[in-house]
Amino acid sequence: MRWSAAFIPTLRDAPADAEAASHKLLVRGGFIRQLHAGHYSLLPLGLRVHEKVAQIVREEIDAIGGQEFLLPAMHPASLWKQSGRWDVMGDEMFRLQDRGGADLALGMTHEEVFSHLATSLHSYKELPQLWYQIQMKFRDEPRPKSGLLRVREFAMKDSYSFDLDDEGLDKAFDAHHGAYTTIFNRLGLSAMPVQASSGAMGGSASVEFMVASPAGEDDVLVCGSCGYRANVERGTSRLDPLDTSPSVDVTERFPTPGVRTIAELEDIDGGAPAMNQIKTMVMVLDDEVVLALLRGDHHLNVQKLQDNSGAVEIRPATAEETLASLGANPGSLGAVGVSEFRVLCDLALEGRTGMVTGANEDDWHLRHVSVERDISVDAWVDIREVQSGEACIDCGSVLEVVRCIEAGHIFKLGRKYAEAMGISVLDADGKSQVPTMGSYGIGIGRAVAAIAENHHDDAGLCWPFAVAPYHVLITILDLDDSEAMKLASEAEAAFTQAGLDVLVDDRAARPGVKFADAELIGVPYRLTIGGRSLGKGQVEFTPRQTGATENLDKGTCVETILKALPAPH
RNA sequence: CGGGCUGUGGCGCAGUUUGGUUAGCGCACUGGUCUGGGGGACCAGGGGUCGGAGGUUCAAAUCCUCUCAGCCCGACCA
């Protein structure tokens, strides 16, 4: 490709609204352009990277036996009603109607459609099956952000496994685990597998592949010594044992004028340290008021609450709802004596005594509260979010919280969809069996952004060879120098012949512009042909990563470079 | 969904508070001269429904109302 004929609209300044490094650089480098919030056009350079990422994913899923499909992006509502997710998905699903008034949805994922196809399976002899596609997904994200990292329309590789039994599902799951590891290695992403929440639809195993990055949106607990890794939506920690000996037989009301927060209650006379307080959070789960209890110094994780309650829609109660429910304002709330609302209590409060909590009357609290004696707990659940510095559940070492981009997610669905969608096969005994499913996703565009996040410097992008839009950039500094032009053409032909993607910068621009653009778009290797070296019979070879320029003999430079480069795919 | 901020040429911005000829600057773009190894200089140019609609006024980028769009924070710490 000749740069003079290419559409590579580089910008000196990033758009004012770009924050993430990948966002700025992908826009500045002419890879992507925003159409509207959460929807990006992939320009030729961006598409080349996107396709290379997709191709690597494709090869590795093929390698574990995947068969590629291309399914419709627009689905009938009936399919989603059958699985139950028409209601569950809420506002995140784009919905529309056709001219006849029929409800339609844009697919957020394709369990339903693949399951529908799987009703054509009739015999155990046809199992296992491993199906996948690379297709656009649509999600009405409440807040698209950070360029390609969180968008409303994106290409995703989603695969689904169908197996007769759990053993088969384990194999499919493990195969994906391995394939994902290979994929992320090939993409140049150091992705770590972490235990994760499987979300509203349940499932027995759920592993996310996380790439550490400040631009990410997930927090992962990482133990440096034993390798424990878990999303904070799922992870737990080891707490120091606390005194649970019975103190006083009865609770005691005491005045706490003006006290509204845990911290204030710590400070006043007769107060208590946060860890000896009960935090009472009034939450509304699918229109039902529920009290969530936590230790005063602990934080609620909403996803955990969702996973433990099965609720679809969760929000904190409004001030009015809180007052109407408990008769007091936030700051004086408690669950002692409350029986009209469901009470979900965090495990860390199990057996605790001598606690302080609100009395459900403004400016009054209770002390000497024994959780199990004084509170009617409906369920003991793990709903607290582990904080950095807590002790690893497995080995007791210090846990660190690392900000990450979720690059991939694999989980075992079980038989839920298969049952709902009516999939069944006859087993060897002629008995009807519902297959068990797994679901495995990788966001292609997000992977592109994650790679950009992990491979750039102040000057621009530094694409890993395997996903670079071009492998080699030949920069001609003097277009009037016929020797340089000839040499460039010969090198271009030889590289192309060797299977490399070559971009030739033949623009009538000053060297500084060409060098700056070269670094911005991040082609991994640059061959510079200019008068300074050519006069000495040399050309310059510069790997983008190191920036270290090496002079090569002009006659042998092509073969020298071909030897130095990784093999293209 | 709550709060905050922002919409002026392809990108970055000024002008809006206090309404007043022809809306300006940098980059980019076009032509030219010089220059020629890290976003060069000079000269001459082109490009704007000031997000949209309505209103106030002799007069609106500027004031008012509505609306659309985008960004950031929050939507756990009661």
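In what follows, chains carry the letters A, B, and so on, assigned in the order in which the sequence lines appear, proteins first and then strands, with residues in each chain numbered from 1. Nothing here was measured: the structure is a model prediction, and the numbers come from that model.
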Using the [atom1] atom on both, measure [N] against [M] and round to a whole Å.
N	M	atom1	result
B:A59	B:U22	C1'	15 Å
B:C1	B:G47	C1'	42 Å
B:G19	B:U62	P	12 Å
B:G26	B:G9	P	16 Å
B:G15	B:U6	C1'	16 Å

Q.
Taking only side-chain N and O atoms of A:Gln34, does any of them lie within less than 4.0 angstrom of OP1 or OP2 on B:C71?
A. yes
Q | Any A:Arg12 side-chain N or O less than 4.0 Å from OP1/OP2 of B:A28 | A |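 Checking B:A28 against A:Arg12, a side-chain N or O does come within under 4.0 Å of OP1 or OP2.
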Q) Between A:Tyr470 and A:Arg48, is there a cation-pi geometry (under 6.0 Å to ring centre, at most 45° from the normal)? A) yes
Scan [X] against the nucleic acid and name what it touches under 4.0 Å (heavy atoms): base, sugar-phosphate only, or nothing.
X	value
A:Ala516	base
A:Arg507	nothing
A:Ala317	base
A:Glu540	base
A:Arg260	sugar-phosphate
A:Pro511	sugar-phosphate

Q. Within this structure, what is the CH2-to-C1' distance between A:Trp364 and B:A78, rounded to whole angstrom?
A.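 Those two atoms, CH2 and C1', are 20 Å apart.
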**Q.** Selection from B:A78, B:G38, B:G12 that lies nearest to any side-chain heavy atom of A:Thr261
**A.** B:A78
Q | Closest nucleotide among B:A78, B:G26, B:A28 to the A:Pro316 side chain | A |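 From the listed options, B:A78 comes nearest.
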**Q.** Any donor-acceptor N/O pair under 3.5 Å between B:G38 base and A:Glu519 side chain
**A.** yes
Q) Is any side-chain N or O of A:Arg510 under 3.5 Å from a base N or O of B:G40, one able to act as donor and the other as acceptor? A)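 When only heavy-atom distances are counted, A:Arg510 does reach the base of B:G40 through a donor-acceptor pair under 3.5 Å.
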Q.
Could you check whether A:Glu540 and A:Asn551, counting side-chain N and O atoms only, form a donor-acceptor pair closer than 3.5 Å?
A. no
Q. Would you call the rings of A:Tyr525 and A:Phe541 parallel, tilted or perpendicular, where under 30° means parallel and over 60° means perpendicular?
A.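 Rings of A:Tyr525 and A:Phe541: parallel, as their planes differ by under 30°.
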